[in-house]
**Student:** 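Just dropping this structure here.
Below, read A as the first sequence line, B as the second, and so on, with proteins coming before strands; counting in each chain starts at 1. This is a predicted model, so every value here is computed, not measured.
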Amino acid sequence: MLTNTTLNPAQQQAVEHIGSPLLVLAGAGSGKTRVITHKIAHLIYRHRIAGHHIAAITFTNKAAREMKQRIGRMLKGDRAGGLTVCTFHSLGLLLLRSESHRLGYRPGFSIFDTQDSETLLRELSHQDSQQDLDLAELRQRISHWKNGLQSPEQVLADAKDEQQLLQAHFYAHYQRQLQAYNALDFDDLIVQPVRLFEQHPQVREHWQNRLRHLLVDEYQDTNASQYTLLKQLAGLNNGLTAVGDDDQSIYAWRGARPENISLLSKDFPNLKVIKLEQNYRSTNRILQSANHLISNNTHLFTKQLWSGQGLGDQLRVMPCKGPEHEARRIAGDILKMRFRLGDEYRNYAILYRGNHQSRPLEQALREYRIPYKVSGGTSFFESAEIKDIIAYLRLLANPEDDPAFLRIINTPRRGIGASTLEKLGLHANQRHSNLFTAARELGFLNQLPENARRRMEWFTDWLQGKKQQCTQTDPNLLVHDLVADIHYREWLLESCNNRKTAQKRIDNVNELLAWITRLASDQDPADGIDQLLSQLSLMDIIERNSSDQSADAVQLMTLHAAKGLEFSQVWVAGMEEGLLPHHSHLDTGQLEEERRLAYVGITRAKRQLTLSYAVQRSRYGESVDCEPSRFIKEIPKQHVTWEDGKSDPASPEARQAGKAHLSNLRALLND
DNA sequence: ACGCCGCGTATTTTT
DNA sequence: TACGCGGCGT
C-alpha cells in the first residue's frame with residue numbers, strides 16, 4: 001500500500017476520468033480500492049456531486065465495511081452523507097424495500113438463506129413423494145437459472161429430457177411457494193430488481209437518476225444478473241466505473257462471468273480502459289514469477305506488474321514426503337524465519353487449495369506452540385440457536401413466513417405436537433391462509449381438544465402481543481424481551497445434555513443480542529424490526545472474529561479466502577498435480593482458473609514466498625504418488641531455489657529457533 | 001428425542 | 001480413509 005497520499009499517473013487518470021464509462025484493469029496490489037475511494041472524494045469535492053448520487057458496490061460485507069472506513073477517513077464529516085457503500089445484495093434489498101409493492105411483495109418480507117431454500121425444496125420433494133433427488137444439486141441448478149435470468153416458464157419450455165423437466169417443475173413450484181411465504185432467496189435480491197426495472201421503466205429512470213455514479217469493486221466476479229442490474233442502473237449516464245482483474249477471477253464455478261469484462265466494451269462503445277500495473281505490495285521476483293505464470297493463460301488485456309521495491313529474495317520450493325512432513329517443515333520454517341526476521345506472526349500466512357489441508361498444519365503448529373488462526377468453517381448463522389431467534393423475528397415481521405412459524409411453534413417445547421400441526425396445515429390450506437393467521441381462527445381452534453386449544457391460544461396471543469409491541473418499542477428492547485419471555489437460555493440448558501455445548505449456544509445467543517444492540521444503536525430508531533432483520537439476514541455481522549484481530553497469530557486459509565489480503569511471508573501448501581491444479585479441473589477453461597488460483601496465492605506475498613508439495617498424499621483412502629504442480633515449472637528458474645527434499649524440520653537452526661521461542665514464552669509467562 | 005449405524009462422497013463460498 | 005447425513009430403532 002502507498003504510504004503517502006499521492007496517486008501514480010494511471011491511478012490519477014482513473015480518478016479524474018469522467019464523462020464515459022470506465023474499466024480499470026487493476027492488477028494485484030495495484031491500489032484498486034484506493035482508486036475507488038479517491039474517485040468518490042474527487043466526485044464530491046471537485047465535481048460537487050452529492051453523496052446520494054454515488055454508490056460503491058462490493059461483493060462481500062467485509063469489503064464494504066473496509067471501503068466505508070477508508071472513505072470515512074478521507075471525507076470530512078457531512079460530505080459522506082447519503083453515500084451508498086454496500087454489497088450487490090444490499091443494493092438489491094434497498095431497491096426492493098422501496099419498490100416491493102410493485103412486485104407483489106409485502107413489507108417485512110423474509111429472506112431465505114441457502115439452508116432455508118434447501119429445506120423448502122426438501123418439503124416440496126416429500127409432497128411430491130420424490131425421494132431420489134439431489135437437493136443440493138437442485139438448489140444450485142435453480143440458483144443458476146435465476147442468475148441467468150431464466151424464468152420457470154422459460155426453463156420448462158426449454159427442458160430437454162425427463163430430468164430437466166422434473167427440475168424445472170420444482171423450480172416453478174419453489175418460486176410459487178416463496179411468493180406465498182412473502183419471501184425472497186438471495187438470488188431474488190438481484191433478479192427481482194432486474195425484473196422490476198424491465199417492467200417499470202419509470203422506476204428504472206428514477207433510480208438511474210438517483211445513482212448516477214456507480215463504482216464496482218472486484219468486477220470480474222459479477223454474474224449475469226448482477227451485470228444486467230448494473231447495465232440497467234448505469235443506463236446512459238456514463239457514470240459507471242468498474243474495477244477488476246481478470247487474472248483474479250476464481251469464482252466462475254459459482255456463476256461469476258469474467259467475460260463481463262470484455263462485454264463491457266461491447267455494451268458501452270465509449271468505454272475507457274485504464275490499466276494499473278504498478279504494484280505496491282511485492283518484490284519484483286514475486287511479481288515476475290506471477291507474471292510469467294499467468295502469461296500461460298489466454299488474455300484479452302495483458303498486464304505486466306512491476307514494483308519499485310527491488311528484486312527481493314528467491315522463491316523457495318520445498319519438496320516433502322507427505323502432508324505431515326510438509327506441515328512440520330512449514331511450522332519449523334516459520335519459527336526459523338521469525339527468529340531471523342523478528343516479524344509478527346500475523347504477517348505469516350499458510351494458504352492451501354482445500355480446507356481439509358488445514359488439519360495436519362494445525363497439528364504441527366500446535367506441536368511447535370505457534371499461535372494460529374484458521375479462517376473459514378461453519379458460520380455463526382448456521383447454528384440452530386441463532387436460526388431459532390431469527391425465525392421469531394421473521395415471523396413477527398412477516399406473518400406469512402410459514403417455515404419460521406413451524407420452526408418456532410414448539411421451540412422451546414410448548415406441547416404443541418404433530419397432530420395439532422397437521423390439523424392446522426389442513427385448515428390453512430382450505431382457507432388459503434398462512435399458518436399464523438389460521439392458528440387464530442375459531443374454525444380451527446374448535447377442532448382441537450381442550451389442552452391443545454389452550455396452548456395454541458396462549459402462544460398465538462403472546463405472539464400477537466409481541467407484534468403489537470413491535471410498533472411501540474425499539475427493536476433492541478423487543479428482542480431482549482422476547483428471548484427472556486420464551487426462557488430460551490433456560491431451555492438450552494435443559495435440552496442439551498452436554499453442559500459445554502449448552503454454554504456455547506448461550507454464548508452465541510448473547511453474542512447475537514450484543515450485535516443487535518450495536519446495530520440498533522447506529523441506526524434510525526424509527527426503523528423497525530424489518531430493517532434489523534434484513535441486516536441480520538445479509539449476515540452483516542459475520543466478521544465478528546475481527547474483534548480478536550488483536551491476537552498475533554499465523555493465518556491459515558484457502559486460496560479463495562486469501563483474495564484481497566496480503567502478508568509479508570506466504571507459504572502455499574500442496575503445490576501438486578491433482579491438488580493445484582485440482583484433478584477435476586484439468587480441461588482448458590478450468591485449468592486456467594486453477595492457474596489464476598495459484599496466481600492469487602503468489603501475489604499475496606510481500607517479501608518471502610515458499611511453495612511446498614508432498615510426493616505422496618492419501619486421496620480417498622489410498623495413498624497416491626504426486627508430481628510437483630506444473631505451475632511451479634511455469635515460474636522462471638532463476639527466481640526459484642529448490643530445497644533439499646530430505647531436510648529435517650528439527651535441524652540445528654530450527655532447534656535454536658525453537659529454544660529462543662520457548663524462552664520467549666517463558667519470559668511472557670513470568671510477566 | 002436421541003443415538004447409533006451404514007452408506008455415500010470427497011474443491012473452492014458469498015449473500 | 002474419514003466424515004457427515006439420513007434413517008431407523010430404542
**Student:** By nearest atom, which of the nucleotides dT15(B), dT11(B), dT13(B) is closest to the F186(A) side chain?
**Tutor:** dT15(B)
**Student:** Using the C1' atom as the point on both nucleotides, what is the distance between dA2(C) and dT13(B), in whole Å?
**Tutor:** 22 Å
**Student:** Measure from CD on Q248(A) to C1' on dT12(B) and round the result to the nearest Å.
**Tutor:** 16 Å
**Student:** At less than 3.5 Å, do the side-chain atoms of T114(A) and the base atoms of dT15(B) form a donor-acceptor pair?
**Tutor:** yes
**Student:** Taking atom C1' of dT14(B) as reference, at what distance in whole Å does atom CG of N147(A) sit?
**Tutor:** 12 Å
**Student:** Could you tell me the separation between the CG atom of L91(A) and the P atom of dT15(B), rounded to a whole number of Å?
**Tutor:** 15 Å
**Student:** What's Y620(A) touching, base or sugar-phosphate or nothing? Going by heavy atoms closer than 4.0 Å.
**Tutor:** base
**Student:** What distance, rounded to whole Å, do you find between the two P atoms, one in dC5(C) and one in dT12(B)?
**Tutor:** 14 Å
**Student:** Would you mind reading off the distance between L559(A) atom CG and dT12(B) atom P, rounded to a whole angstrom?
**Tutor:** 11 Å
**Student:** So, Q363(A) versus R366(A): side-chain donor-acceptor pair below 3.5 Å or not?
**Tutor:** no
**Student:** Would you mind writing out the side-chain donor-acceptor pairs for residues 251-258 of chain A within the sub-3.5 Å range, not counting sequence neighbours?
**Tutor:**
unit_1	atom_1	unit_2	atom_2	d
W253(A)	NE1	I250(A)	O	2.9
W253(A)	NE1	H560(A)	NE2	3.4
R257(A)	NH2	N260(A)	OD1	3.4

**Student:** Check I350(A), L361(A), L556(A) against Y372(A) for a side chain to side chain contact (heavy atoms under 4.5 Å, CB included) and give me the one that passes.
**Tutor:** L556(A)
**Student:** Charged N to carboxylate O under 4.0 angstrom, D113(A) versus K387(A)?
**Tutor:** yes
**Student:** Is E566(A) salt-bridged to R604(A), cutoff N-O under 4.0 Å?
**Tutor:** no
**Student:** Give the rounded distance in Å between these two atoms: CZ of R65(A) and P of dT15(B).
**Tutor:** 9 Å
**Student:** In whole angstroms, how far is the P atom of dT13(B) from the CE atom of M557(A)?
**Tutor:** 11 Å
**Student:** Would you tell me whether E326(A) and S612(A) have side-chain atoms, one donor and one acceptor, within less than 3.5 Å of each other?
**Tutor:** yes
**Student:** Among the nucleotides dT15(B), dT11(B), dT13(B), which one has an atom lying closest to any side-chain atom of W253(A)?
**Tutor:** dT13(B)
**Student:** Would you find a donor on one side and an acceptor on the other, under 3.5 Å apart, between the side chain of R353(A) and the backbone of L580(A)?
**Tutor:** no
**Student:** So, H582(A) and dT11(B): ring centres less than 5.5 Å apart, planes less than 30° off, yes or no?
**Tutor:** yes
**Student:** Between R413(A) and L597(A), name the one whose nearest nucleotide on DNA chain B is closer to the 5' end.
**Tutor:** R413(A)
**Student:** Could you check which of dT15(B), dT11(B), dT13(B) has an atom nearest any side-chain atom of L538(A)?
**Tutor:** dT15(B)
**Student:** Please determine whether a side-chain nitrogen or oxygen atom of N355(A) lies at a distance below 4.0 Å from atom OP1 or OP2 of dA10(B).
**Tutor:** no
**Student:** Would you say a side-chain N or O of S90(A) is under 4.0 Å from OP1 or OP2 of dT15(B)?
**Tutor:** no
**Student:** Roughly how many Å is it from CG in L492(A) to P in dA1(B), rounded to a whole number?
**Tutor:** 13 Å
**Student:** Give one of base, sugar-phosphate or nothing for S618(A), where a contact means two heavy atoms less than 4.0 Å apart.
**Tutor:** nothing
**Student:** Which pairs, protein N/O on one side and nucleotides 5-9 of chain B N/O on the other, fall under 3.5 Å?
**Tutor:**
none

**Student:** Can you tell which of dT11(B), dT13(B), dT15(B) lies closest to the side chain of S584(A)?
**Tutor:** dT11(B)
**Student:** Look at all strands and tell whether R359(A) reaches a base, only sugar-phosphate, or nothing, counting heavy atoms closer than 4.0 Å.
**Tutor:** sugar-phosphate
**Student:** Check whether the side chain of H89(A) and the base of dT14(B) form a donor-acceptor pair under 3.5 Å.
**Tutor:** no
**Student:** For F59(A) and dT15(B), give me the distance from atom CZ to atom P, rounded to whole Å.
**Tutor:** 11 Å
**Student:** Got a salt bridge between E218(A) and K32(A), using NZ or NE/NH1/NH2 to carboxylate O under 4.0 Å?
**Tutor:** yes
**Student:** In this structure, is the centre-to-centre distance between the rings of F59(A) and F88(A) below 6.0 Å?
**Tutor:** yes
**Student:** Is any side-chain nitrogen or oxygen of R122(A) closer than 4.0 Å to OP1 or OP2 of dG6(C)?
**Tutor:** yes
